[in-house]
Every structure is written in C-alpha cells, then in structure tokens.
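Notes for the one structure printed next.
Since the structure is predicted, the reported quantities are computational estimates derived from the model, not experimental observations. Residue numbers count from 1 along this sequence.
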Amino acid sequence: MALLEVKNLKVDYPVRGSWLAKRKFLHAVDDVSFTVDHGETVGLVGESGCGKSSIAKALVRLETPASGNIHIAGEDISLLKGRALRKARKKFQMVFQDPYGSLNPRLSIQSTLDEVLSLHTALSKTERFVRMQELMSLVGLDPGQLGRYPHEFSGGQRQRIGIARALAAEPDLLIADEPVSALDVSVQASIINLLKELQKTTRIGLLFIAHDLAVVEHISDRILVMYLGRVVESAKAEELCSRPRHPYSAALLSAVPTLEKRSAGRIKLSGDVPSPLDPPGGCAFHPRCPYATEKCRSCRPELREIAPGHYTACFHASENGIFSCEKI
C-alpha cells in the first residue's frame, strides 16, 4: 500500500462577479492522481500558477478539495473535520515556501516547537525540551539557540527551523512546497542536502514541489510535470530528464542552465500560459505546442503508459522519445 494515494483530485476557487452573473470557478487542480511510497521522494514541477501549491494545500487540508480522495497511511483524510483532522495531521506535515512568514515572530523557537510537541505527543515538559534539542541538532542548528526569535536567524536557518517543526510530530509524509525558492542559491543546496539526509535516516515520504526542474531532478526518485492544473508527464527522474516524452517537459528541460552550450537545443515556447478561468479546448498545451494538430485542438489527451513506468498526456509521444531537446 502506498503511503500517499491521491485519486482524481480537484481543487476549485470561486471567482467573484456581479450578483446576476452565473457563478464561475477557477479549476486550479483538475483530476490529478498520483502516489508516494514510504521512503520515496516525488517531485512536482511546473510553471507558476499550474496548481502545485493548490495540491499541497489540499493534501494538508488547508484547502478543501472539490472532489477526489486523499489517502495517507490508509486513511481517507479528504472528508475529515475538527478533532479527527487534527489527530490525522500527525501523519503529515508541511514545509512552507516563505521562511520569513511561516514562523510566528512573537514566539521563540522553543515555543514554536513546543506547540507541535504538546499537541501531537504525550511527552512531559522535560522530555519535550530534550526532543527540541534533538530536533535542532537534526537540522544542523545549535540547540543553545532555542530561546531566540525568528528575526535573529537568516533565511536558511529559518527554513531549517521550519523543517524541524514539521519533523517534531514524526510524520510519515512531508510536503515541501517550494522550500528553497525564497533562498539564495548558495543556501539552496544545503537545504536540499538536508532534506535528502533526513529522508535517509527517517524513511519519510517526501513530496517536493518546485518550479526549477534542475533542483527537482537532483532530489527526486520520480517526477510529475504539471501544466494548467493537470499532470502531463510522470516517470522516474532519470528517465524523464534524459528522454522527455511531452513537449512541455522537453521545453522545461531545455531551459535548465548547464556548463555545455545548449543554445541550439533551447526550446522557446510561443505565447503565455492560458488562463485557468478560460482554458483552451482539447489539449491545454496546444496553443504553444509545435506539434499540435486538429486532434489536439478538439480532444484532450489522457495520461497513458508509453514505456514501463513512463506516462504522458500527448497524442504524438512515442516509446522512442521523439520529444528530446535536440529534435524539437
């Protein structure tokens, strides 16, 4: 049984209009399904606005799914409320994107960690303090700094505190929503390496969300590529990054900086991402796709397996991997 199993997840946001107008919804996540196993890292990648953060918020129930099921450790959390939801949250925790806004500036680090330990464990006050010291050491911080406040730490240190807070409940699943995007490049690598090391020691399942495919490739076992609320490709990280089978994935890969000259292989997509309020018919990517045909404009492709463990939502993808950066 998978640690996390998401089936046909949809997340909608109501859009304000005149009181006489028909109510509209923005379909941020449209029929997404995937799994995360124990000890596995699954990367979720795509441009801003594609629905990645909406998935993360739905998984931790900061947003209520419009439909679909979310099973974590065998329990369907999509309909839980109140005390049952608070109890279930011990199984899953989230590391937020903004290390500056995700910590309460009025609480010391000790109080921040103690909140989680008091809620999700039966440890005594002395045992909680010992556990806080262990958590600080685990994320590479000095336990003697527990009495300090968030403003006394750098961005990278605050993100480490956010990770320590998420690990305090000893969750089975950790959801990291763009945890390094607000940090300097020099700090990003240390946070990525910290997450990889923590996963090895705790065997926690990790859903790592980012818009930078190079970062996702480095940390992930499998990668899901999203476009306009839907998953358009899914495969093992090495397979997807070496032989992308969807033109959007190939375009993302071609934009990753490398030491080699890749100007000839750079794919420049025309146009902008369509509005999720008024998505195009057929394949959502067809207005920007160099391979689009009339079928793409009229029919929406579903995810299909074109190679062992490799799924893509494209009518023209083949097992030969025609959508390599060199051939588009």
Side-chain angles (χ1 to χ4, degrees), residues 1-11 29 31-45 51-65 67-80 84-96 116 119-121 135 138-139 162-179 191-192 194-210 215-226 231 233-240 303 305 308-311:
M1 178 186 295
L3 169 60
L4 169 67
E5 187 174 6
V6 178
K7 291 184 178 179
N8 309 116
L9 180 66
K10 293 187 177 184
V11 179
V29 180
D31 197 26
V32 168
S33 301
F34 64 93
T35 62
V36 178
D37 290 327
H38 292 272
E40 181 185 32
T41 299
V42 173
L44 187 60
V45 67
K52 306 184 302 296
S53 291
S54 292
I55 287 180
K57 291 176 181 177
L59 293 182
V60 296
R61 290 298 310 279
L62 294 178
E63 295 288 351
T64 302
S67 62
N69 299 100
I70 303 168
H71 288 85
I72 298 179
E75 181 178 15
D76 189 349
I77 68 160
S78 52
L79 299 176
L80 294 181
L85 179 58
R86 286 195 297 272
K87 183 179 179 180
R89 280 206 167 108
K90 177 177 171 60
K91 299 178 182 178
F92 54 91
Q93 291 290 312
M94 185 167 173
V95 178
F96 294 90
V116 182
L119 182 63
H120 292 297
T121 72
L135 287 167
L138 189 63
V139 297
I163 294 171
R165 179 179 60 183
L167 294 175
E170 298 184 354
D172 299 313
L173 175 69
L174 184 64
I175 299 161
D177 183 16
E178 304 215 31
I191 298 298
I192 296 291
L194 171 64
L195 288 171
K196 291 181 70 174
E197 187 61 32
L198 289 174
Q199 191 189 42
K200 287 181 181 179
T201 57
T202 62
R203 296 297 296 166
I204 198 172
L206 176 61
L207 179 65
F208 187 89
I209 299 171
V215 173
V216 173
E217 178 186 4
H218 179 68
I219 195 174
S220 302
D221 300 307
R222 284 189 296 121
I223 295 177
L224 309 176
V225 180
M226 284 192 70
V231 174
E233 187 162 15
S234 169
K236 290 183 178 180
E238 183 179 356
E239 168 72 10
L240 189 145
L303 273 178
E305 188 173 22
H310 199 141
Y311 298 81

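- Minimum interatomic distance between Lys52 and Ile209 (heavy atoms only, all atoms of both residues): CB-CG2, 3.4 Å.
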Derivation of the side-chain contact (heavy atoms from CB on, under 4.5 Å) call for Ile163 and Ile191: CA-CA 9 Å; Ile163 294 171; Ile191 298 298; 4.2 Å; yes
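- One N or O on the side chain of Asp221 and one on the backbone of Thr41 form a donor-acceptor pair closer than 3.5 Å.
- The 12-atom threshold is not exceeded at CD of Glu238, counting heavy atoms of other residues, nucleotides or ligands nearer than 6.0 Å.
- Of the possible polar contacts, none joining the Ser220 side chain to the Glu217 backbone as a donor-acceptor pair under 3.5 Å is found.
- Considering every non-hydrogen atom in both His310 and Leu240, the closest pair reads CE1-CA, 4.3 Å.
- The environment of Lys196 atom NZ is dense: over 12 non-hydrogen atoms of other residues, nucleotides or ligands sit within 6.0 angstrom.
- Taking CG of Asp76 as the start and CD1 of Ile70 as the end, the distance is 8.0 Å to the nearest 0.5 Å.
- Rounding to the nearest 0.5 angstrom, the gap separating the CG atom in Leu206 from the CG atom in Leu198 is 10.0 Å.
- One N or O on the side chain of Gln199 and one on the backbone of Ile204 form a donor-acceptor pair closer than 3.5 Å.
- A pairwise comparison of heavy atoms in Ser54 and Val29 identifies CB-CG2, 3.7 Å as the closest pair.
- No side-chain heavy atom of Phe92 sits less than 4.5 Å from a side-chain heavy atom of Leu4.
- When each of Ile192, Leu44, Val42, Val45 is checked for a side-chain contact (heavy atoms from CB on, under 4.5 Å) with Phe208, only Ile192 meets the rule.
- The nearest pair of heavy atoms linking Met1 to Gly74 is SD-CA, 3.7 Å.
- Annotation: salt bridge (Lys or Arg N to Asp or Glu O under 4.0 Å) contacts of Lys10 (sequence neighbours excluded): none.
- Between the CD1 atom in Ile175 and the OG atom in Ser53 there is a gap of 11.5 Å [rounded to 0.5 Å].
- Heavy atoms only, all atoms of each residue included: Met94 and Ala56 are closest at CE-CB, 3.8 Å.
- Atoms CZ and CG, on Arg165 and Leu135 in that order, are 12.5 Å from each other to the nearest 0.5 Å.
- Looking only at side-chain heavy atoms (C-beta outward), Val11 and Ile55 stay at 4.5 Å or farther from each other.
- Gln93 contributes atom CD, which lies 10.0 Å from atom CG of Leu173 (distance to the nearest 0.5 angstrom).
- At a threshold of 4.5 Å between non-hydrogen side-chain atoms, the residues Tyr311 and Val231 do not count as touching.
- Under a 3.5 Å cut-off, the side chain of Ser234 and the backbone N or O of Leu224 do not form any donor-acceptor pair.
- Nearest heavy atoms, Gly162 versus Val95: O-CG2, 4.4 Å.
- Among residue pairs with one or both ends in residues 34-44, those qualifying as salt bridge (charged side-chain N to carboxylate O under 4.0 Å, His left out) are Glu40-Arg222; sequence neighbours excluded.
- Enclosure of atom NZ in Lys7 is not indicated, since only 12 or fewer non-hydrogen atoms of other residues, nucleotides or ligands lie within 6.0 angstrom.
- Listed by chain and residue number, nothing satisfies the salt bridge (Lys or Arg N to Asp or Glu O under 4.0 Å) test with Glu197 (two or more places apart in sequence, or in another chain).
- In this structure, OG in Ser78 is found 7.0 Å from NE2 in His71, a value given to the nearest 0.5 Å.
- Distance alone, capped at 3.5 Å, is enough to place a donor-acceptor pair between the Arg61 side chain and the Leu80 backbone.
- With hydrogens and angles disregarded, no donor-acceptor distance shorter than 3.5 Å links the side chain of Lys91 to the backbone of Asp172.
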